A.B. asks: 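Right, I'll just put the structure down here and ask away after.
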Number of protein chains: 2
Amino acid sequence: MGRPREFDIDEALERAMQVFWERGYEGVSLTCLAKAMGITKPSLYAAFGDKKELFRRALERYTEGPADYGMRALEEPTARAVAEAILRGAVRTTTRPGGPEGCLGVQGALASSEVGRPAHDMLVEWRNSSALRVEERFQRAVDEGDLPRDADPRRLARYIMTVAFGIAVQAASGLGRDELQDIADTALECWLPNRTRD
Amino acid sequence: MGRPREFDIDEALERAMQVFWERGYEGVSLTCLAKAMGITKPSLYAAFGDKKELFRRALERYTEGPADYGMRALEEPTARAVAEAILRGAVRTTTRPGGPEGCLGVQGALASSEVGRPAHDMLVEWRNSSALRVEERFQRAVDEGDLPRDADPRRLARYIMTVAFGIAVQAASGLGRDELQDIADTALECWLPNRTRD
DNA sequence: CGAATTCCGTACCGATTGGAATGGAATCTT
DNA sequence: AAGATTCCATTCCAATCGGTACGGAATTCG
């Protein structure tokens, strides 16, 4: 009941995600955000609450959209394939032609003032929980005999995630897709035996 | 001639560097900056020019201070030792007890609005030139026979720097020194034969 | 000592920040 | 059609942003 909204809330959120991805949390004002979303500030406020709530929604959308390679990678059959999928996904996502360079989870709010703290904390948690899921997947690989019994899942997961985050930083520094894939390949060269590079 | 300044300009710059390191360029206001430096805004403005000039000075000081491991690493005798020194330095600097966690070159302004562009550009250039110097060092290693003739110095350098930047991100996510050193060790395990871990 | 010079502190500048109040327009249920 | 409800647009809010104008305090040179 009542007057229906004149904008598509999903499309508006998509725009918001793009802008946050490109400029970070504190790097965008509500005014700029509203303009990019094609709506006015009150509409934004009514539909999404405040700025940090909008950011949370955008981060959620990012996780299930551009960064869904993370979840899908965990379904690969071997630890090696998981690692490959993560790094390959990181390369592709941080250099996708349509979108901003880099990773929202890294760019968003690495450093922040007090007002940027909510986004900062969300992203720290986002990065750490990602690493944790990879670790759990690698633990399963050890249990299954896919990884050697003496392998350290946490250490391997942290290594892969570190390279992935480093790739995001390098993408923000202007490196291209091929160069980043080279880096990913280098990181994988030392990985356990069954190399299956495409 | 004239009234002498009542604060130590070197110490003030040190404070500024610390704050930029911790909160990034846009994350600190001039007011907060001046307070941390123990001086007033007009004094700051008179001594350092505007905010981006102060940031430039702070970045300079960072390069020659906490991040001097980068330059010193290049003087190591072998490529392997260079790589080790870089990663070890990254670990130590991003987790030094006294200072902020992470790396000024990474934290400062990965993502930025228009007003943060100067810092953003400075840091992109800083990261890229760091990688370039490592590449040149590795090229020398190839020339000297320290690295195999078919090694790709650029690729190796980018890999090492990617891991180093990734370490900085992880430090900002709260990982401790030992955990980061584990990551560095893992990254080096695949490195060429002569492992000389301490 | 006195003039010139430089620095410090306060108080303030216009612009922009995240957020909200208000009122009219559009749609639902009754 | 009437009332209730929801949305949109303008306008405004106190606070803060980076950056200054100005007057008094401290120092050196003459």
Side-chain angles (χ1 to χ4, degrees), chain A residues 1-13 15-17 19-20 22-59 108-109 111-122, chain B residues 1-13 15-17 19-20 22-59 108-109 111-122:
Chain A
M1 60 185 68
R3 176 177 173 177
R5 63 163 52 94
E6 296 176 354
F7 64 94
D8 183 63
I9 196 167
D10 212 56
E11 185 176 338
L13 184 54
R15 303 282 188 88
M17 182 199 69
V19 178
F20 276 134
E22 187 174 353
R23 331 236 313 212
Y25 180 75
E26 287 185 275
V28 205
S29 67
L30 279 189
T31 304
C32 169
L33 218 31
K35 186 181 297 181
M37 297 164 78
I39 61 178
T40 62
K41 282 198 289 182
S43 298
L44 188 162
Y45 194 79
F48 299 100
D50 57 8
K51 190 182 183 183
K52 68 171 175 294
E53 188 58 27
L54 174 60
F55 184 77
R56 218 165 57 83
R57 296 278 299 271
L59 182 57
S112 68
S113 65
E114 214 52 52
V115 64
R117 182 73 50 182
H120 171 91
D121 293 346
M122 280 183 224
Chain B
M1 62 186 68
R3 175 176 171 178
R5 63 164 50 93
E6 295 177 355
F7 64 93
D8 183 64
I9 196 168
D10 212 57
E11 185 176 338
L13 184 54
R15 302 281 187 88
M17 182 199 69
V19 179
F20 276 133
E22 188 173 355
R23 331 237 313 211
Y25 180 76
E26 287 185 276
V28 204
S29 67
L30 278 189
T31 303
C32 167
L33 217 30
K35 187 181 298 182
M37 297 166 78
I39 62 179
T40 62
K41 283 198 286 183
S43 298
L44 188 161
Y45 194 79
F48 298 101
D50 56 7
K51 190 183 183 183
K52 68 171 174 298
E53 187 59 27
L54 174 60
F55 184 76
R56 220 164 57 82
R57 296 277 299 271
L59 182 57
S112 68
S113 66
E114 214 52 51
V115 64
R117 183 73 50 182
H120 172 90
D121 294 346
M122 279 183 226

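We name chains A, B, ... by the order of the sequence lines, and we start the count at 1 in each one. Note that the coordinates shown come from a computational prediction; the quantities given were computed from them, not determined experimentally.
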A.B. asks: Would you mind reading off the distance between A/Glu6 atom CD and C/dA25 atom C1', rounded to a whole angstrom?
C.D. replies: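 Result: 9 Å.
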A.B. asks: Atom CZ of B/Phe48 to atom P of C/dC7: distance rounded to whole Å?
C.D. replies: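 Spelled out: CZ on B/Phe48 to P on C/dC7 is 12 Å.
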A.B. asks: Expressed in angstrom and rounded to an integer, what is the separation of B/Asp8 atom CG from C/dC8 atom P?
C.D. replies: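 It is 12 Å, rounded to the nearest whole Å.
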A.B. asks: Let me know the distance between CG of A/Leu33 and P of C/dT16, rounded to the nearest Å.
C.D. replies: 17 Å
A.B. asks: Under 3.5 Å, which protein N or O atoms sit close to an N or O of nucleotides 19-24 of chain D? Give each pair with its distance.
C.D. replies:
from	atom 1	to	atom 2	distance (Å)
D/dG19	OP2	B/Lys51	N	3.2
D/dG19	O6	B/Lys41	NZ	2.2
D/dT20	OP1	B/Tyr45	OH	3.3
D/dT20	OP2	B/Tyr45	OH	2.2

A.B. asks: Could you list the donor-acceptor pairs under 3.5 angstrom formed between side-chain atoms of residues 28-38 of chain B and any protein atom two or more places apart in sequence or on another chain?
C.D. replies:
from	atom 1	to	atom 2	distance (Å)
B/Ser29	OG	B/Cys32	N	3.1

A.B. asks: For A/Leu44 and D/dT6, give me the distance from atom CG to atom P, rounded to whole Å.
C.D. replies: 19 Å
A.B. asks: Measure from OH on B/Tyr25 to C1' on D/dC17 and round the result to the nearest Å.
C.D. replies: 12 Å
A.B. asks: Check salt bridge (Lys or Arg N to Asp or Glu O under 4.0 Å) between B/Asp50 and all other residues, then give those that pass, not counting sequence neighbours.
C.D. replies: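 B/Asp50 satisfies salt bridge (Lys or Arg N to Asp or Glu O under 4.0 Å) with B/Lys52 once adjacent residues are dropped.
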A.B. asks: What is the distance, rounded to the nearest whole Å, between atom NZ of A/Lys35 and atom P of C/dT16?
C.D. replies: 11 Å
A.B. asks: Would one find a side-chain N or O of B/Ser29 under 4.0 angstrom from OP1 or OP2 of D/dT16?
C.D. replies: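 Answer is no, no contact under 4.0 Å.
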A.B. asks: What I want to find out is whether A/Arg57 reaches A/Glu53 closely enough, with some N-O distance under 4.0 Å, to be called a salt bridge.
C.D. replies: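 Not counted as a salt bridge, because no side-chain N and carboxylate O are separated by less than 4.0 Å.
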A.B. asks: Examine distances only and state if a side-chain atom of A/Lys51 and a backbone atom of A/Glu26 form a donor-acceptor pair shorter than 3.5 Å.
C.D. replies: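 No: the side chain of A/Lys51 does not pair with the backbone of A/Glu26.
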A.B. asks: To the nearest 0.5 Å, tell me how far A/Phe7 CZ sits from A/Leu44 CG.
C.D. replies: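 The CG atom of A/Leu44 is 7.5 Å from CZ of A/Phe7, to the nearest 0.5 Å.
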A.B. asks: Mind calculating the distance between CZ (A/Phe7) and C1' (D/dC8) to the nearest angstrom?
C.D. replies: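 Result: 10 Å.
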A.B. asks: Do the rings of B/Phe20 and B/Phe55 sit parallel, tilted or perpendicular, given the 30° and 60° boundaries?
C.D. replies: perpendicular
A.B. asks: Reckon A/Ser43 has a side-chain N or O less than 4.0 Å from the OP1 or OP2 of D/dC7?
C.D. replies: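 Answer no for this pair, as no side-chain N or O of A/Ser43 is under 4.0 Å from OP1 or OP2.
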